[in-house]
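As structure tokens, the structure follows; a few thoughts come after it.
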Amino acid sequence: MLQQTRMEVVLRYFEPFLQRFPTIADLARASYDEVAAAWSGLGYYRRARMLRDGGIAVCERFGGALPDDVASLRTIPGIGRYTAGAIASIAFDRPAPIVDGNMARLLGRLCGAVTAEAAWKAADDLVRAAASPRACNQALMEIGALICRTTAPACSKCPLRRDCAAFAAGRVNRSARTKTKPTRALRIPLYIVADRRGRILMRRHSGRLMGGIFHLPHGNGLLLRGCRLPVPGPRKAIGSFRHTVTNRRITFSVFITSGKRPAGDDYVWIEPERLAELPHPSYVRKALQLAGISKI
């Protein structure tokens with residue numbers, strides 16, 4: 001959940017998700033819709049799909065128990081080099097290295113590791129020399145995130161400063177700059193199309209990143225391809241709200257209208273109270289709340 005998502009957002013989802021799926025077997029038995037519905041609002045829905053696929057693989061190949069070695073862990077869908085090292089070291093106290101952005105910056109300053117492989121080698125050396133791999137990796141991650149920051153690093157508080165090559169050479173502030181994508185400001189008209197029974201028209205998207213997620217139709221192709229809907233009836237503007245998706249700052253202008261379901265398309269009529277059971281992005285909830293439809 002913490003991959004590319006802020007801690008304060010994750011905290012709202014973590015405990016409810018574990019209550020819904022307390023074991024790997026529970027996760028594996030659940031449908032994708034059930035898992036993605038519990039994930040709704042976190043974004044990057046491919047993570048939910050891979051998490052469920054990983055749970056199924058663990059049950060089928062490892063008897064429902066996570067293996068404790070990096071090689072086996074990396075055979076599970078959704079688990080790469082970093083995640084395998086994190087599970088092996090933190091869950092099982094195995095001497096496995098981990099390198100994320102914060103760790104790479106820390107190791108670059110501490111050891112002069114300027115390439116990815118050099119960082120992994122340095123991390124491996126450190127964790128193998130530690131009395132507790134679990135404590136070592138968690139401490140290095142905390143130092144990288146809270147002390148060895150990209151700008152204004154708190155060197156006076158760093159327990160590693162006496163061994164830090166960059167600190168000794170006075171080069172702490174010369175670390176490589178992080179490349180950031182330019183922010184895009186978008187305005188997108190969003191349509192709440194309701195029928196006489198109060199059902200909402202939505203489309204189940206089939207793309208790689210947002211596959212299986214239910215979306216509201218919108219007035220252009222800037223959000224999702226294939227969700228554009230020609231709206232034949234009169235539209236009533238009810239307001240707008242702002243929403244952020246990665247580097248896109250979106251202002252949604254919300255309209256209520258009536259219309260028919262497009263023939264031969266993926267659009268379906270959905271009762272608002274059912275949305276709690278179906279995967280949908282958080283902007284859907286914001287739009288329905290703006291319209292006074294607050295059943296989710």
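Since this is a predicted model, take the numbers as computed values, not measurements.
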Could you see if [X] belongs to whatever hydrophobic cluster contains [Y]? Use Ile, Leu, Val, Met, Phe, Trp, Tyr and a side-chain cutoff under 4.5 Å.
X: Phe241; Y: Ile250; answer: yes
X: Leu27; Y: Val10; answer: yes
X: Leu190; Y: Ile238; answer: yes
X: Val58; Y: Phe21; answer: no
X: Leu146; Y: Val172; answer: no

Does the [X] side chain pair with the main chain of [Y], one donor and one acceptor, at a distance under 3.5 Å?
X: Arg47; Y: Gln3; result: yes
X: His280; Y: Leu278; result: yes
X: Arg203; Y: Leu216; result: no
X: Thr75; Y: Ala71; result: no
X: Arg6; Y: Val9; result: no
X: Trp39; Y: Gly43; result: yes
X: Arg109; Y: Ala166; result: no

For the residue pair [X] and [Y], establish whether any side-chain heavy-atom pair is separated by less than 4.5 Å.
X: Thr5; Y: Leu42; answer: yes
X: Arg20; Y: Val35; answer: no
X: Ile213; Y: Arg204; answer: no
X: Met103; Y: Tyr82; answer: no
X: Leu106; Y: Leu160; answer: yes
X: Ile76; Y: Leu66; answer: yes
X: Leu290; Y: Ser240; answer: no
X: Phe92; Y: Ile87; answer: yes

- Intermediate values then yes/no, side-chain contact (heavy atoms from CB on, under 4.5 Å), Phe214 and Val268: CA-CA 9 Å; Phe214 287 87; Val268 293; 3.8 Å; yes

- Query: For Lys121, does the NZ atom sit with more than 12 other heavy atoms under 6.0 Å from it, leaving out its own atoms?
  - Reply: no

- Task: Check whether more than 12 heavy atoms from other residues, nucleotides or ligands sit under 6.0 Å from atom CZ of Arg242, and answer yes or no.
- Result: no

- Do Arg29 and Asp26 sit within salt-bridge range, that is, some charged N less than 4.0 Å from a carboxylate O? yes

[X] to [Y] - nearest heavy-atom pair and separation:
X: Ala96; Y: Val70; answer: CB-CG2, 3.6 Å
X: Asp68; Y: Ala88; answer: O-CB, 3.8 Å
X: Ala38; Y: Phe17; answer: CB-CD1, 3.7 Å
X: Tyr267; Y: Pro217; answer: OH-CB, 3.7 Å
X: Ala194; Y: Ile200; answer: CB-CD1, 4.2 Å
X: Ser40; Y: Tyr13; answer: O-CE2, 3.0 Å

- Query: side-chain contact (heavy atoms from CB on, under 4.5 Å) between Cys59 and Ile24: does it pass, once the steps are laid out?
  - Reply: CA-CA 7 Å; Cys59 288; Ile24 295 175; 4.0 Å; yes

- Is there a side-chain contact (heavy atoms from CB on, under 4.5 Å) between Val99 and Arg81 once you walk through the steps? CA-CA 9 Å; Val99 176; Arg81 189 178 187 180; over 6 Å; no

- Query: Excluding sequence neighbours, so at least two apart, what forms ring pair (Phe, Tyr, Trp, His ring centres under 6.0 Å) with Phe255?
  - Reply: Tyr191

- Query: Centre of Tyr32's six-membered ring, under 6.0 Å away, within 45 degrees of the axis: is that where NZ or CZ of Arg49 sits?
  - Reply: yes

- Message: Check whether Trp269 forms a cation-pi arrangement with Arg197 (NZ or CZ under 6.0 Å from the six-membered ring centre, at most 45° off the ring normal).
- Response: no

Rounded to the nearest 0.5 Å, what's the gap from [atom1] on [X] to [atom2] on [Y]? Could you check?
X: Arg161; Y: Cys148; atom1: CZ; atom2: SG; value: 13.0 Å
X: Met1; Y: Phe14; atom1: CE; atom2: CZ; value: 7.0 Å
X: Ile192; Y: Ile256; atom1: CD1; atom2: CD1; value: 5.5 Å
X: Ile143; Y: Arg149; atom1: CD1; atom2: CZ; value: 13.0 Å
X: Asp53; Y: Leu51; atom1: CG; atom2: CG; value: 9.0 Å
X: Arg94; Y: Asp69; atom1: CZ; atom2: CG; value: 8.5 Å

- Is there a side-chain contact (heavy atoms from CB on, under 4.5 Å) between Leu126 and Leu107 once you walk through the steps? CA-CA 10 Å; Leu126 288 171; Leu107 295 170; 3.7 Å; yes

- Query: Tell me the side-chain hydrogen bond (donor to acceptor under 3.5 Å, both in side chains) pairs involving residues 130-147, sequence neighbours left out?
  - Reply: Ser89-Asn137, Asp93-Ser132

- How are the rings of Phe252 and Tyr283 set to each other: parallel, tilted or perpendicular (split at 30° and 60°)? parallel

- Under 3.5 Å side-chain donor-acceptor pair for Ser72 and Arg61: no

- Task: Among Pro153, Ser156, Cys158, Cys155, find the residue that satisfies the side-chain contact (heavy atoms from CB on, under 4.5 Å) test when tested with Ile147.
- Result: Cys158

- Query: After noting the C-alpha distance and the side-chain angles of Thr83 and Arg74, does the key distance pass the side chain to side chain donor-acceptor pair (under 3.5 Å) rule?
  - Reply: CA-CA 8 Å; Thr83 304; Arg74 291 192 67 178; over 6 Å; no

